[in-house]
Structure formats: C-alpha cells, structure tokens
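Below, chains carry the letters A, B, ... as their sequence lines are ordered, and counting in each starts from 1. Because the structure is a prediction, the values reported are computed rather than measured.
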Amino acid sequence: MLKNLVIVESPAKAKTIEGFLGKDFIVRSSYGHVMDLNKTQLGVDVDAGFEPQYEVSADKKKLVSELKKLAKEAEMVWLASDEDREGEAISWHLYIALGLKDNNTKRIVFHEITKTAINKAIENPRKIDLNLVSAQQARRVLDRLVGYELSPLLWRKVKPSLSAGRVQSVAVRLIVEREEEIKNFKSTSAFRVTAQFTFESDGQTYQLQAELPERFDKEADARKFLENCIPANYAIESIEKKPAKKSPAPPFTTSTLQQEASRKLGFSVANTMRIAQQLYESGKITYMRTDSVNLSDFALNLAKEEITSSFGAKYVKIRKYATKTKGAQEAHEAIRPTYLNQPTVKGSSEEKRLYDLIWKRTIASQMADAQLEKTVVNIGISTDKRQFVANGEVILFDGFLKVYMESSDDENTEDRQGMLPPLKMGQHMNLSEMTAQQRFTRHPARYSEASLVKKMEELGIGRPSTYAPTISTIQKREYVVKEDREGEIRKYKQMTLKGGKLTEKTASENTGSEKSKLFPTDIGTLVNKFLCQYFDSIIDFNFTANVEKEFDEIADGRKKWNHMISEFYGPFHKKIEDTTENAGKFSGEKLLGVDPKTGKNVFVKVGRFGPMVQLGDTESEEKPRFAGLRKDQTMETIDLDEALALFSFPRTLGTFEEKEMTVAIGRFGPYVKHNGQFFSLLKTDDPADITAERAIELIEQKREKAQQSIIQEFEQDAEMKVLNGRYGPYISFNKSNYKIPKGTDPQKLTYEDCIKIVENPDNAPKKRFVRKKK
DNA sequence: CAGTGAGCGAGCTTCCGCTTGACTT
C-alpha cells in the first residue's frame, strides 16, 4: 500500500526530493500546469460571470490518468507545487483533475530543496488558498480575453494570423518606439581635447594622459584653444585623493543571467535558457526560472567555506539581497551552483562557460567590497585659465573583484582608468601631443534580446518562464527581426598640436553598425500603430502594473475576481465592437506617385501576404497589379522608381538548353526559373540587371551541388535516390522524403530496401501544412 | 548540410504562464 504521494512541478525536483523523503513517499511531477482554458474557443463564459472552461491539456491526459491512479492508492496526497499564484492554481487543478478529497490532501510549500526544508514543510501543511487561485484565474481570464478578442480584430483589419497580447504587444511597442526615437534623433558634435604629457621624476621618464573637461561646440573655438597652447607651460596644480568602494552585484535571476550571458558570452536568450536547463537537469545548478535574489542558508554556508579556503577569511562578507523587481513572486532561490565548492563542472563547453559565470557571480555576491583610491589631478596651462584633468584609480583591496565584475550595456565605455605615475605638486609637464577631435552624440541604443528582457522586467511585464518565449513569438510573427546592420562612414575633424605645430586633418570612422539587435518590421510598426490608435490602454506601459495591484487585492480576499474582470471587460469589449464596426482596413497605404507609362497611381501597403506595391486604384474598373516588397525593402523607405521596378517581374532572360529562363521575386527572395526548377539568386546578385550568363552559372552551380549530395542512384528508377541532407542521409522518392532507420548504412541500401522504407505506412510523409503551434 | 517558389480566395490563425521532451525527411 502506497502511503504518501508528493506532487511537485518539475521532474528534476521530484528526483531530488524523493531521495530526502525515504521509502514511505513517492514523488511525481505535474510538468507545470495540467489544466487550461479550451484552446479553440474563447474558453470563458462571458455571460455566466466569466466562468472559465477548463479542461485537462491534451499533452497532459496520460500523465493525469497516471497520477489519478497513484492518488487513489495513496493514503495521503501532498500537493507541493511552487508557492506563488501559478503554483497555487496548479495544486487546485490537480485537486480537481485527480478527484482528490479534503481528508487525504495536504498543500505544502518550500523555497529551498534541502532535507530540513522539506521535512519542515511536511510538518506544516495547509489548505489550498482559494483566494490566490482566484487571483490566478483573473490573470488567466484577462490574458485570454485580451489575446482572443484583439487578435481576430487584427486578422480583419490588418492581416491574417497576427496576434496581440498584454505582454507581446508591449514588447513590440518598446522596439517600435525606440526605432522612432532613433529616427528623430539629431546628432550634434563637439570637440574633445586630450593631451599626452611626459615628465621626469627621480631620473625616470613617465607618461600621463589628461583630458580637458570642457567641450568646444565650434571648430574655431577648439582651434583657438590649441593655438593658444602653443607657447604654454604645464604644471600640476592640485592632486586630490579620495577613497571609494565597489560592491558586488546580487546573485543571478533569470533576467540578469540572460543579460550577462548575452554580454559576456554572446548567448541568445533562448540559448542561455536551454543550457541552464541542461545544468539544472544534471543537478549542477538550482532552478533557472526565478525572480529571486535570495540564497538559502545552506548556500551561504557553503559560500563562506569556499571563499575562506580559496581566498581567506577577509574576503568573506555574507549578504542578504532583497529584490527590487516589480511583481516578483520569489517562489525559488536565486540561480546558483548546487554545490559552491565545485568551481568547474563536466559538460559541453557552453555548459562549462555558463556554469563558470554562475559560480563566479554567486561567490562574488558573498565577498567583501573592493576598496579603491581615486585620484584627480589638475594640470594648469600657463596661457589659459582652464585645466587638464587626469583621473586614476588604484585598487587597495580587490575583494569580490578577484572573481567577478558585472559588465554593462553602456556602449560608450570610457577608457579604463588605471594607475597614475608618481606625481608631485608643481611637477612640470612636457606636452608631447594635444588633440582636439570632433565627437558626435549617439542615438539611444537599440534593444538586444537581453536588454529588452531587462526593460520588460523593469515594467513588470512577463515572467521568468516567458521572457525567452515572448522574444521568440514577436520574431515568429515577424513584428521584429534580429539582425546585424552595417554602419555608415562618417567624417570627423581632428586637430593635432605637436612640436609647437598645429596640423589638421579630416578622418573617417564607421558609425551606427549594429550586431544582433532588434528592429521593427513594417508589420510590427503597423500593428503597433493600430493598437496605439484604438487600444492605447492595453499597451500602456502601466497596464500590467495596475492589474497586478488588483490581482493582489483578489489574493488578499478584498476583491472578487469576476468583478475585477467585469469592470475591465465592459469597456474593452465595447471598444472591440466599435472598432470592428467602424474602423476601415488598416493597411498603412501610402501613395508613392504616378507611373509615367500608364498614368496610374502607385501605392505601397500591407496586403494579405505582407508589404506590397499596387499599380492602379482599387476602385477602378481595371484590376490593379500587385507585387510583394523584397526582403531588403521597407514601406517607409521605398520610392517610386523602386516600386515600379518590382512590376517588371517575372522577366525573361533568354533560353538555356532550349528552355526559357525567367527571373522573379518569390517568398524566399529573387530566383531564376528554368525548366520547372528554381534557382535562388545570391545576395550579391541584383534581380533588376541579372544577365543570362549569370543565370546559367547559378543553374550549373546548383546542379553540381545536387550531384555532390547524391549518395546513391538506381538504374531501375530515376525517382529513387539516397541523398545527404541537413539532418543526415535520407531517401527521396517522387518528391517526398523518407527517414532512413537508425543504424543503417546509406551506402549499402539496395533498391528493394528503399522500396520497403517508402512503402512502410509508418514512414508516410507528414502533411506539409502542419505548422507547429505556439 | 536541403529545398522552398502565392495571389486576391476556403478555412485557418490567436493569449500568458507553468513544465519538458520529441526530433524535423
């Protein structure tokens, strides 16, 4: 007879806990939520007090029936999902789905996975907190109503398959608005003057770099200053030293881990989470989806021991960090190594690097402050009232800097301040070189995936478990693209004073280049404009923060969840109806000009398949012509000539092997079509002036490549081939592809083997349109 | 590392938050 069944959310956690509890307990996992609103409908009965229509999720049916069976056999079921809103709902859904009864069900919670914590939890069971469940229900229903009423409106007014939601639409808004700021940014320039000095002290020669605090807006003023310095003498007029300290950053949360892994290791947000998951599953780190900066006493003790033995007792400073994050629920610890006495782990190089980062950050968070001495030196100019300034920094005690220093998003990283040479008051300085260089102000930085997560966390939008999926959703919907972009060459002026002579030159620098940054697309910009115009309250940056306050009131029992929803839904739904009724198509249509050949109007707008140009009016007798924009074109920047060029496809290039070659632009970019086959143009090829010779070259190149990928061909049947593809060898037959069973040598397959594989109904080709959900 | 390649229309699409697999042909 089974005595106790414990259910937690994560299987890795289940495994660990089972070890602590002994043979009277078996521990299983719910793998997150087990029930959700019906997916194909609204899933909320609006007329019946917003009654949610829950069902066991399709992928949880099997699991739920297994758990149900175990629950029946058990004397006591312990619901041990996380201690937050979602966790409470998971317990409640388990209670319903497993048909549990009050007399054999207990709800327990723990924040750290140690034997003591678990035993303490078992000794202090409670009941499911139905107010907290109601708060989750309000959250769930609100998100469903917003998402499932706004999205269909977008399908009607803008373009099919689009989506909108409380979280993703704000993420898109941030990116669109940042791009607008950048577009409207006016760069100004000023001259920055730096000087390189040398001096003698105790028979040695030293160098000193200094800067003039003042910037000159006008070139003439900078020149005047430099000219004025030609006959000058320089000497130290003051030396000021003051102590300073630096403190370590708190341990990692999901958001800060994503940011640091992006800055220090160049990982994408999704990649970081995938690697962290692997570390978690192999027991090397604690849970990776958390908003807490808290470390358990167990971890603090280990940190103390580790720091003491590696660096000495004076490096230890145990600290308790408190979260500053809006809406943090802190059901878990911060992300830390399970065993802090292991500075390295086995695994892939990515796992090692991420673990190293986590280990260092955790250890550093419990180390002493670094003690610094900052020095400011003023150097007087005999011919001018102004002074040059040299800054120095000396580390008196390194403290946590011994292991870890957080990096910053700031791109204008100042030159690192180092140690200054030995200096004395009145010390005479020889100028070796003085430069006035024109510097330009920079526009606000575009978001990277990680800096967007940071911003969302600040606004309290999204949760640790959704940061990475949200970022992938807005890219999948093509609201946003992650790209590198080349910068532009910009000229700047530089004046140099050296050896008593002033020289001037104009040099150039590359500016504005971007790497892995998020850019809004035409669709993203248009959808954002639509939502701003009709649903500004939903994409307001404070919307989430405001509803969170109400969720808290529901959790405290001060407010009924469906009253809150009702107050929101009334005006919201009315706005949906009004907009459905009264707003026209929202296509972003713009008149580019008139086609000189036909005299017809040329427009650019968003159509069924995305941004396109249109030749002729929609209302006119004659049907207008349409053509999609190329990937490298945008609605905002396309001009009349470029638009007209798009109507010149498909265009005949000539004949090759007695068949016609045409060039056209398709879904995947420009291509050449020949004898029913397609050949993509390279990025360097311009479809507007591609020649027949180049087209033939492309055709032959592709044939050669196809030849190389052939592993086997068969005399009996030209349709049957064994090919080498992206996922390894496969069989191609009648335009369908088939997997080769594991352990088979593709070289040795006979024609008969291939027929067998192709005819096996298990290998029947899957239907093409099966697009993954999400 | 392969191949993909529309057309003005039938039926489809969609949210957020909690969890991992299964595995591309």
Side-chain angles (χ1 to χ4, degrees), chain A residues 8-13 29-37 39-43 57 59-60 63 81-82 84-87 89-90 93 136 139-155 159-169 277 281 287 289 331 461-467 469-470 473 477 544 607-610 612 618 623-628 650 664-673 676-680 702 705-706 708-709 723-733 735-740 757 763 765-766 768-774:
Chain A
V8 296
E9 289 183 37
S10 147
K13 209 170 173 180
S29 152
S30 74
Y31 292 80
H33 277 291
V34 293
M35 295 185 93
D36 194 13
L37 303 176
K39 233 170 55 149
T40 53
Q41 306 153 38
L42 188 59
S57 314
D59 55 338
K60 296 290 166 59
L63 174 79
S81 48
D82 298 343
D84 58 16
R85 208 160 60 200
E86 298 297 327
I90 288 174
H93 291 155
Q136 189 276 345
R139 199 280 304 155
R140 182 67 191 93
V141 167
L142 178 85
D143 282 337
R144 172 54 70 89
L145 291 172
V146 169
Y148 271 40
E149 294 213 350
L150 268 184
S151 301
L153 186 62
L154 289 177
W155 306 342
K159 185 176 172 296
S161 300
L162 295 176
S163 66
R166 174 176 61 82
V167 172
Q168 60 166 285
S169 296
Q277 177 92 28
E281 282 174 15
Y287 197 57
R289 289 186 276 263
I461 294 165
R463 303 275 313 130
S465 67
T466 60
Y467 294 138
T470 301
T473 299
R477 298 265 175 278
T544 291
R608 174 90 176 68
F609 301 104
M612 63 178 189
T618 314
K623 258 192 172 180
R625 281 186 70 195
F626 300 98
I665 294 173
R667 277 204 286 167
F668 311 109
Y671 63 93
V672 169
K673 193 173 175 184
Q677 285 180 304
F678 298 88
F679 307 88
S680 286
K702 191 176 164 184
K705 222 173 170 185
Q708 281 167 2
S709 69
L723 302 174
N724 205 5
R726 185 160 58 136
Y727 308 113
Y730 67 100
I731 294 170
S732 163
F733 180 63
K735 303 216 162 174
S736 290
N737 300 324
Y738 302 85
K739 236 188 338 189
I740 295 175
I757 291 169
N763 298 333
K766 307 240 157 58
R768 280 220 94 92
F769 64 81
V770 182
R771 274 258 297 267
K772 280 276 183 219
K773 47 207 152 101
K774 272 190 219 177

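- Remark: the backbone N or O of A:Leu42 is paired with a side-chain donor or acceptor of A:Arg144 at under 3.5 angstrom.
- Distance noted for atom C1' between B:dA2 and B:dT24: 12 Å (whole Å).
- Taking only side-chain nitrogens and oxygens, A:Ser151 never comes nearer than 4.0 Å to OP1 or OP2 of B:dT13.
- A:Ala89 comes within 4.0 angstrom of nothing in the nucleic acid, heavy atoms only.
- For the salt bridge (Lys or Arg N to Asp or Glu O under 4.0 Å) test, residues two or more places apart in sequence or in another chain that qualify with A:Lys13 are A:Asp82.
- Partners of A:Asp143 according to the side chain to side chain donor-acceptor pair (under 3.5 Å) rule, which considers only residues two or more places apart in sequence or in another chain, are A:Arg139, A:Arg166.
- Rounding to whole angstrom units, CZ of residue A:Arg144 and P of B:dT13 are separated by 12 Å.
- Across all strands shown, A:Gln168 has heavy atoms under 4.0 Å from sugar-phosphate atoms exclusively, and none from any base.
- Across the interface with DNA chain B, nearest-nucleotide mapping of A:Ile665 and A:Val146 shows A:Ile665 to be the residue nearer the 5′ end.
- A donor-acceptor contact under 3.5 angstrom links the side-chain atoms of A:Ser161 to the base of B:dT13.
- Between A:Lys673 atom NZ and B:dG3 atom P the separation is 17 Å, expressed in whole Å.
- The residue A:Ser57 sits apart from the nucleic acid: no heavy atom pair falls under 4.0 Å.
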Bracket string, DNA chain B, 5' to 3' - pairs by Watson-Crick or G-U geometry under 3.5 Å, | interstrand: .........................
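- Partners of A:Gln277 by side chain to side chain donor-acceptor pair (under 3.5 Å), not counting sequence neighbours, listed by chain and number: A:Glu281.
- Among residues two or more places apart in sequence or in another chain, the side chain to side chain donor-acceptor pair (under 3.5 Å) test is passed with A:Lys60 by none.
- In this model, no side-chain donor or acceptor of A:Ser680 finds a partner on the base of B:dG3 within 3.5 Å.
- Between A:Leu37 atom CG and B:dT14 atom C1' the separation is 13 Å, expressed in whole Å.
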Pick out the pairs of N or O atoms, protein on one side and nucleotides 8-10 of chain B on the other, that lie under 3.5 Å.
{"residue": "B:dA10", "atom": "N6", "partner": "A:Arg608", "partner atom": "NH2", "Å": "3.4"}

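- B:dG9 and B:dT13 have their C1' atoms separated by 15 Å, given to the nearest Å.
- The cationic atom of A:Lys673 (NZ for Lys, CZ for Arg) does not lie both less than 6.0 Å from the six-membered ring centre of A:Phe678 and within 45° of the ring axis.
- The side chain to side chain contact (heavy atoms under 4.5 Å, CB included) test applied to A:Pro670 returns A:Ile665, A:Leu681, A:Pro687, not counting sequence neighbours.
- Separation of the P atoms belonging to B:dC1 and B:dA22 is 29 Å when rounded to the nearest angstrom.
- A distance-only check finds a donor-acceptor pair linking the side chain of A:Tyr148 to the backbone of A:Lys39 [under 3.5 Å].
- With sequence neighbours left out, A:Phe609 forms a ring-ring contact (aromatic ring centres under 6.0 Å, His included) with no residue at all.
- Note: CZ (A:Phe679) to P (B:dG3) measures 11 Å, nearest angstrom.
- Between the side-chain ring of A:Phe678 and the base of B:dT4, no stacking contact exists by the 5.5 Å and 30° definition.
- The interatomic distance linking A:Lys702 (NZ) with B:dC1 (C1') rounds to 14 Å, in whole Å.
- Residues passing the salt bridge (Lys or Arg N to Asp or Glu O under 4.0 Å) test with A:Arg85 are A:Glu548, sequence neighbours excluded.
- Residues satisfying the side chain to side chain contact (heavy atoms under 4.5 Å, CB included) criterion with A:Ser151, sequence neighbours excluded, are A:Trp155, A:Ser163.
- Rounded to an integer number of Å, the gap from A:Tyr148 OH to B:dC16 P is 10 Å.
- A:Tyr287 meets the side chain to side chain donor-acceptor pair (under 3.5 Å) test with A:Arg289; sequence neighbours excluded.
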For nucleotides 17-19 of chain B, list the nitrogen or oxygen atoms of the protein found under 3.5 Å from its nitrogen or oxygen atoms, one pair per line.
{"residue": "B:dG17", "atom": "OP1", "partner": "A:Arg166", "partner atom": "NH2", "Å": "2.9"}
{"residue": "B:dG17", "atom": "OP2", "partner": "A:Thr466", "partner atom": "OG1", "Å": "3.0"}
{"residue": "B:dG17", "atom": "O4'", "partner": "A:Arg139", "partner atom": "NH2", "Å": "3.3"}
{"residue": "B:dC18", "atom": "OP1", "partner": "A:Arg463", "partner atom": "NE", "Å": "3.4"}
{"residue": "B:dC18", "atom": "OP2", "partner": "A:Ser465", "partner atom": "OG", "Å": "2.7"}
{"residue": "B:dC18", "atom": "O5'", "partner": "A:Ser465", "partner atom": "OG", "Å": "3.4"}
{"residue": "B:dC18", "atom": "O3'", "partner": "A:Glu9", "partner atom": "OE1", "Å": "3.2"}
{"residue": "B:dC18", "atom": "O2", "partner": "A:His33", "partner atom": "N", "Å": "2.6"}
{"residue": "B:dT19", "atom": "OP1", "partner": "A:Tyr287", "partner atom": "OH", "Å": "2.5"}
{"residue": "B:dT19", "atom": "OP2", "partner": "A:Tyr287", "partner atom": "OH", "Å": "2.6"}
{"residue": "B:dT19", "atom": "OP2", "partner": "A:Arg289", "partner atom": "NE", "Å": "3.0"}
{"residue": "B:dT19", "atom": "O5'", "partner": "A:Tyr287", "partner atom": "OH", "Å": "3.3"}
{"residue": "B:dT19", "atom": "O4'", "partner": "A:Gly32", "partner atom": "N", "Å": "3.4"}

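- In terms of heavy-atom proximity, A:Gly32 sits nearest to A:Ser30 at O-OG, 2.8 Å.
- Taking side-chain N and O atoms only, A:Arg477 has a distance below 4.0 Å to OP1 or OP2 of B:dC15.
- To the nearest angstrom, C1' of B:dT13 lies 11 Å from NZ of A:Lys39.
- Nucleotide B:dG21 holds its C1' atom 13 Å from the CG atom of A:Leu63, rounded to whole Å.
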